[in-house]
Colleague: 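Structure below; questions to follow.
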Amino acid sequence: MVMTLRVEVFAWDLEAAGEFYRRVLGFEELNRRPGYLWMGRGTARIGIGERPEVVDPASRRVPAGTELVLEVDDLDAEYARVVASGWPVESEPRTQEWGLRDFRLFDADGYYLRLTSRGRTAAGML
């Protein structure tokens, strides 16, 4: 049985969030309805919902320790895409102790993203 994963994030500015995933990471808009964008690239899917109500930001803060991981075929090309977009990166590409290369950045709403090469890690996990 096949299982897939989709992620939903909630944005203060729906258009800015959509622009980040389009321009910086190369996602395309698959569907739109009022207050919601459905984006995709390859088999990766992300839903972006608008935060319509005003709330105390502390109660909606992105959870500490959460990472959205995007596996890519050509990490250097992805890094070049992000740099060319002018979006700031948290770290340059580097090889991690588990054997994969990655780099990290924050999206328009502060979600932490790790773009990583595909392959087996030292622990045998993908």
Side-chain angles (χ1 to χ4, degrees):
M1 174 178 263
V2 174
M3 181 183 294
T4 59
L5 175 69
R6 77 176 194 208
V7 175
E8 288 186 306
V9 297
F10 297 92
W12 295 110
D13 182 334
L14 189 62
E15 296 308 315
E19 178 66 10
F20 168 81
Y21 284 94
R22 246 187 317 275
R23 185 175 65 81
V24 178
L25 296 182
F27 278 67
E28 63 181 277
E29 186 176 306
L30 301 175
N31 199 346
R32 176 187 285 260
R33 65 177 200 259
Y36 195 84
L37 288 175
W38 183 237
M39 314 271 311
R41 179 172 166 197
T43 59
R45 298 291 182 266
I46 187 164
I48 306 170
E50 190 171 51
R51 295 180 182 177
E53 69 279 356
V54 176
V55 296
D56 176 3
S59 68
R60 307 282 310 268
R61 185 168 298 155
V62 177
T66 299
E67 253 180 36
L68 303 177
V69 180
L70 300 169
E71 292 182 330
V72 298
D73 291 322
D74 186 341
L75 187 71
D76 294 319
E78 295 301 324
Y79 182 73
R81 172 202 296 274
V82 172
V83 169
S85 78
W87 197 266
V89 294
E90 179 71 12
S91 67
E92 295 179 358
R94 65 177 173 241
T95 302
Q96 300 297 339
E97 62 188 45
W98 52 87
L100 299 179
R101 289 181 67 230
D102 66 38
F103 70 94
R104 294 136 194 258
L105 66 157
F106 290 92
D107 78 359
D109 284 279
Y111 288 96
Y112 193 63
L113 299 166
R114 175 168 44 106
L115 278 76
T116 188
S117 57
R118 295 187 196 277
R120 287 207 174 268
T121 66
M125 301 177 68
L126 289 177

Colleague: So, R23 side chain and S85 main chain: donor-acceptor pair closer than 3.5 Å or not?
Modeller: yes
Colleague: Return the minimal non-hydrogen interatomic distance between L14 and G49, and the atom names on each side.
Modeller: CD1-C, 4.2 Å
Colleague: Quick check: do V82 and L25 have side-chain heavy atoms less than 4.5 Å from each other?
Modeller: yes
Colleague: Report yes if the side chains of F103 and E92 come closer than 4.5 Å at any heavy-atom pair, otherwise no.
Modeller: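 The answer is no; the side chains never approach within 4.5 Å.
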Colleague: For R104, is there any backbone N or O sitting under 3.5 Å from a side-chain donor or acceptor partner on S91?
Modeller: yes
Colleague: Which heavy-atom pair separates D107 from D109 by the least distance, and what is that distance?
Modeller: OD1-N, 2.8 Å
Colleague: With salt bridge (Lys or Arg N to Asp or Glu O under 4.0 Å) as the criterion, how do E50 and R32 come out once you've worked through the C-alpha distance, each side chain's angles and the decisive distance to 0.1 Å?
Modeller: CA-CA 12 Å; E50 190 171 51; R32 176 187 285 260; over 6 Å; no
Colleague: Please tell me whether V83 and Y21 are part of a single hydrophobic cluster in this structure, the criterion being side-chain heavy atoms less than 4.5 Å apart.
Modeller: yes
Colleague: With a 4.5 Å heavy-atom cut-off, do F27 and L70 have their side chains touching?
Modeller: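 In short, these two side chains touch, coming nearer than 4.5 Å.
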Colleague: Over all heavy atoms of both residues, which pair between W87 and A108 is shortest? Give the atoms and the distance, please.
Modeller: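 Smallest interatomic distance, heavy atoms only, reads CZ2-N, 3.8 Å.
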Colleague: I'd like to know if M39 and L68 are part of one continuous hydrophobic network [Ile/Leu/Val/Met/Phe/Trp/Tyr, side-chain heavy atoms within less than 4.5 Å].
Modeller: yes
Colleague: Are any of the side-chain heavy atoms of D76 and R101 separated by less than 4.5 Å?
Modeller: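 Yes, at least one pair of side-chain atoms sits under 4.5 Å.
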Colleague: Treating Ile, Leu, Val, Met, Phe, Trp and Tyr as nodes and any side-chain heavy-atom pair under 4.5 angstrom as an edge, say whether F20 and W38 lie in one connected cluster.
Modeller: no
Colleague: Indicate the atoms forming the closest heavy-atom contact of P93 with L75, along with that distance.
Modeller: CB-CD2, 4.1 Å
Colleague: Within the 4.5 Å heavy-atom criterion, are L115 and L105 side-chain neighbours or not?
Modeller: yes
Colleague: Indicate if L113 and V7 have the same hydrophobic cluster label, given that clusters are the connected sets of ILVMFWY residues with side-chain heavy-atom separations under 4.5 angstrom.
Modeller: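 Hydrophobic grouping puts L113 with V7.
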Colleague: Kindly compute the distance separating CZ (R22) from CD (E15), expressed to the nearest 0.5 Å.
Modeller: 7.0 Å
Colleague: Could you tell me whether the side chain of W12 and the main chain of A17 form a donor-acceptor pair under 3.5 Å?
Modeller: no
Colleague: Can you name the nearest heavy-atom pair linking G18 to L37, along with the distance?
Modeller: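 G18 and L37 have their closest heavy atoms at CA-CD1, 3.7 Å.
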Colleague: In the single-linkage hydrophobic clustering (I, L, V, M, F, W, Y; side-chain heavy atoms under 4.5 Å), do I46 and L30 co-cluster?
Modeller: no
